[in-house]
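The block underneath contains the structure these notes are about, expressed in structure tokens.
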Amino acid sequence: MANKTTSEKLATLQKGYTLEGATIELGAAIIDGELHKDAPVRLPLSMMNRHGLVAGATGTGKTVTLHMMAEQLSTAGVPVFLADIKGDLSGLATAATGSEKLTARTEGIGQAWQGRTFPVEFLALGGDGNGVPVRATVSSFGPILLSRIMELNDTQESSLQLVFYFADKNGLELIDLKDLRAVIQFLTSAEGKDQLEELGGLSKATAGVILRELVSLEAQGLEKFFGEPEFDTAELLRTAPDGRGVITCLELPTLQTKPMLFSTFLMWLLADLFEDLPEAGDLDKPKLVFFLDEAHLLFNDASKAFLEAITTTVRLIRSKGVGIFFVTQTPKDVPAEVLGQLANRVQHALRAFTPEDAKALKATVSTFPMSDYDLEETLTSAGIGEAVITVMNEKGAPTPVALTRLRAPESVMGPSDEALVRSTVAGSALLAKYGTAVDNHSAFEKLSGKAAAPTGPAAGGSVPRGPVQGGPVQGGAGQDDVDAEARRIEEEILGRPSSRPAPSAETRRRTPAESAPAPRPGAGDSMAGDIGGMLGGALGGGLKSMARSIGTQLGRELLRGVFGTSSRRRRR
């Protein structure tokens, strides 16, 4: 490291960042304290689905970095999702104005700067803000994510999964919190005690704990988030008429009072996308890039099942063309299993004021490849708007570590005028679709309108949403039967090409009568334990045991994904 001249270091960086294909321009390299605009630092657009980390101490420029990256992604036709925690990112809708200081900075790094606006869609959780209201049904949100918000322990989380199983099996639609409360109240009542006993793993005492936590959520005002119309995550994949990617900006004005809801909701969005998007493989550019700000909130006190589900989602969603960038203070905020999936690194300055800070600094340095920089010194002395960068090149190898002066955004680095935000929302095509809450007939109405709850899908005329025609695969069925049923569900219910193997010649020779599964009592039961075992590896820890005991409900009942989520689109 000490033996290299400045010219040799410059040549290393120039070669390392000479990339083919479209790129995101990050800035220009600083070598031996001197800025070199002839050494641009870039990130291949095709590698942005390899995920990334934007880290650094408070005030070092993380938000400006993701702002700048979002602008270039939009220009390249890639939709972007941003969580606007501090209200600064609404400035994407307003063109910035130049200044002498800005001109000096942009010319110094070789940036041809021009003030611009970008296509922005403003959303707000449950209407908490100026944006288009975003809601999810309780059923879609699923038991693992809901347990996370309610801060349930592992036993209580498993019990909540059984409540969802009971509701799905009996055609009790869980739209909002009062629906879930009604189901739990029924199970703990005299009328529901038989059904409670049948669930086995759900004790009356645990049901009471869940009910109290549910009431607490309502007291916090979270009932506004759960309901219909449910937000379709496909809205995040839109492009503007001019071909630029739409930047979806989620307002979070009350994050400080609801941090758990914020982080869990973001994982619901990702889980829903993960379940709906087809496999895409390697693309010239991603379908969507997702920036998860305040990422440490995801992992604080998270259950094992929740962490397993996050790891699975991050690992597998790459092949569906979605890139995820975690934005937080230090790499230590992210579990090692997730950090290992983040190939692109933008590390802003760190401070070492305390022994704990010093440990975080050493841990951060250890995560970088060998370089020509003294990273401990570099990371503590880097200025605002500078970052240490290494990314994945087109061949899948890490680029050389480069201290980089970052590009300046071309839209306002701060909030847009509130009147502009309101007018943008008023003109949004999404407002008519999601602006007004509706309260459809669901579990609450069904249970409150009858002396006893329905005991099966056919009881009282109740039919679960999106039933799969035909019964379960019987215990004697072979793997071909399992694959055939799973393939049919993917193609007919999920509406996408199946990744399952084609039927064997023996399966194709069977007559319809031989192939048709025989009906049996309790038609709500779906595919047999074969599917449960086959998919168990993709489920969270709590769902694994559930799959073993009741079979993965891939047909009539659960159609639930990695987080136990169940989009209405997948239930139709």
*Can you name the nearest heavy-atom pair linking Val334 to Leu339, along with the distance?*
CG1-N, 3.8 Å
*For Gly281 and Asn49, which heavy atoms make the closest approach, and how far apart are they?*
O-ND2, 4.3 Å
*Hey, could you give me each pair passing salt bridge (charged side-chain N to carboxylate O under 4.0 Å, His left out) that has a residue in residues 325-342? Not counting sequence neighbours.*
Lys332-Glu356
*Without swapping roles, check the side chain of Lys224 against the backbone of Asp128 for a donor-acceptor pair under 3.5 Å.*
no
_Test of understanding: with side-chain hydrogen bond (donor to acceptor under 3.5 Å, both in side chains), list the residues that count as partners of Thr330, not counting sequence neighbours._
none
*Does Glu223 reach the main-chain N or O of Asp176 with its side chain, forming a donor-acceptor pair under 3.5 Å?*
no
*Determine the minimum heavy-atom distance between Leu102 and Thr97, stating which atoms define it.*
CD2-O, 4.1 Å
*Spacing of CE belonging to Met47 relative to OG1 belonging to Thr23, to within rounding of 0.5 Å*: 13.0 Å
*asked:* Regarding Gln347 and Thr364, do their side chains bring together a donor and an acceptor under 3.5 Å, going by distance alone?
replied: no
_Gap between atom CD1 of Ile144 and atom CD1 of Ile149 - 0.5 Å precision_ = 13.0 Å
*Check the side chains of Thr233 and Trp268 for a donor-acceptor pair under 3.5 angstrom, ignoring hydrogens and angles.*
no
_Could you check whether any side-chain N or O of Gln111 sits under 3.5 Å from a backbone N or O of Gly27, counting only pairs where one atom can act as donor and the other as acceptor?_
no
*Give a yes or no on whether a salt bridge exists between Lys178 and Asp439, defined as a side-chain N under 4.0 angstrom from a carboxylate O.*
yes
*Where Thr137 and Leu174 come nearest, the two heavy atoms and their spacing*: CB-O, 3.8 Å
_By the ring-ring contact (aromatic ring centres under 6.0 Å, His included) test, which pairs, at least two apart or in different chains, include something from residues 51-73?_
none
*Just wondering, do Val346 and Leu66 contact through their side chains at under 4.5 Å, heavy atoms?*
no
*asked:* Can you tell me how far apart CE (Met392) and CG (Leu342) are? Round to the nearest 0.5 Å.
replied: 10.5 Å
_Applying ring-ring contact (aromatic ring centres under 6.0 Å, His included) as the test, list every pair that has at least one member in residues 283-304; sequence neighbours left out._
Phe81-Phe290, Phe291-Phe325
_Rounded at 0.5 Å granularity, tell me how far CG in Leu45 sits from CD in Gln72._
9.5 Å
*Not counting sequence neighbours, which residues clear side-chain hydrogen bond (donor to acceptor under 3.5 Å, both in side chains) with Thr94? List them please.*
Ser416
_Exercise: do Arg345 and Thr367 side chains pair donor with acceptor under 3.5 Å_ = yes
*Under the side chain to side chain contact (heavy atoms under 4.5 Å, CB included) rule, what do Leu273 and Leu236 come out as? Steps first, then yes or no, please.*
CA-CA 9 Å; Leu273 285 165; Leu236 303 179; 4.2 Å; yes
*Please check if the side chain of Lys320 supplies one atom and the backbone of Phe274 the other of a donor-acceptor pair under 3.5 Å.*
yes
*Is a donor on one side and an acceptor on the other found under 3.5 Å between the side chain of Ser442 and the backbone of Asn440?*
yes
_N-O pairing of Arg135 and Glu230 below 4.0 Å_ = no
_Glu157 vs Arg148, salt bridge (Lys or Arg N to Asp or Glu O under 4.0 Å): CA-CA, chis, key distance, verdict_ = CA-CA 8 Å; Glu157 179 181 303; Arg148 171 75 170 149; over 6 Å; no
_According to side-chain hydrogen bond (donor to acceptor under 3.5 Å, both in side chains), who are the partners of Arg407, at least two apart in sequence or on a separate chain?_
none
*Do the non-hydrogen side-chain atoms of Phe444 and Val183 ever get within less than 4.5 Å of each other?*
no
*With side chains defined as the heavy atoms from C-beta onward, is the minimum distance between Leu146 and Pro143 less than 4.5 Å?*
no
*Does the side chain of Thr58 come under 3.5 Å of the side chain of Gln329 through a donor N or O and an acceptor N or O?*
yes
*Kindly state each residue pair satisfying salt bridge (charged side-chain N to carboxylate O under 4.0 Å, His left out) with at least one member in residues 43-61, sequence neighbours excluded.*
Arg50-Asp282
*By ring pair (Phe, Tyr, Trp, His ring centres under 6.0 Å) - contacts of Phe226 (at least two apart)*: Phe141
*Do side-chain atoms of Asp84 reach the backbone of Asp88 as a donor and acceptor pair under 3.5 angstrom?*
yes
*Listed partners of Asp179 passing salt bridge (charged side-chain N to carboxylate O under 4.0 Å, His left out), at least two apart*: none
*Considering residues at least two apart in sequence or located in another chain, which fulfil the salt bridge (charged side-chain N to carboxylate O under 4.0 Å, His left out) criterion with Glu25?*
Arg42
*How long is the span from the CZ atom in Arg422 to the CG atom in Asp417, to the nearest 0.5 Å?*
10.5 Å
*Evaluation steps, side chain to side chain contact (heavy atoms under 4.5 Å, CB included), between Phe368 and Val388*: CA-CA 9 Å; Phe368 279 89; Val388 173; 3.8 Å; yes
*Give a yes or no on whether the backbone of Leu430 and the side-chain of Ser428 come within a donor-acceptor separation of less than 3.5 Å.*
yes
*Taking atom types as modelled, find out whether Glu279 and Ser319 have a side-chain donor-acceptor pair closer than 3.5 angstrom.*
yes
*Return the set of residues passing side-chain hydrogen bond (donor to acceptor under 3.5 Å, both in side chains) with Lys433 (not counting sequence neighbours), or none when no residue passes.*
Glu235
*Roughly how far, to the nearest 0.5 Å, is the CE atom of Met69 from the OG atom of Ser74?*
13.5 Å
_What verdict does the side chain to side chain contact (heavy atoms under 4.5 Å, CB included) test give for Leu288 and Val78, after you've listed the backbone C-alpha separation in whole Å, the side-chain angles of each residue and the deciding distance to 0.1 Å?_
CA-CA 6 Å; Leu288 173 72; Val78 178; 5.8 Å; no
_Within the 3.5 Å criterion, strictly below it, is a donor on Gln156 or Ser147 matched to an acceptor on the partner's side chain?_
no
*Is Asp284 atom CG crowded by more than 12 heavy atoms from other residues, nucleotides or ligands, each under 6.0 Å away?*
no
*Determine, stepwise, if the pair Val314 / Phe326 fulfils side chain to side chain contact (heavy atoms under 4.5 Å, CB included).*
CA-CA 11 Å; Val314 172; Phe326 293 85; 3.8 Å; yes
*Would a distance-only check, ignoring hydrogens and angles, find a side-chain to backbone donor-acceptor pair under 3.5 Å from Tyr434 to Glu228?*
no
*Are the side chain of His348 and the backbone N or O of Thr60 linked by a donor-acceptor pair below 3.5 Å?*
yes
*For Ser90 and Phe122, which heavy atoms make the closest approach, and how far apart are they?*
CB-CE2, 3.6 Å
*Are the side chain of Asn344 and the backbone of Leu43 linked by a donor-acceptor contact shorter than 3.5 Å?*
no
*Check Glu173 against His441 and note the closest heavy-atom contact, atom names and distance.*
OE1-O, 4.3 Å
_Please list all pairs meeting salt bridge (charged side-chain N to carboxylate O under 4.0 Å, His left out) that have one or both residues in residues 243-252, counting only residues at least two apart or in different chains._
Asp242-Arg244
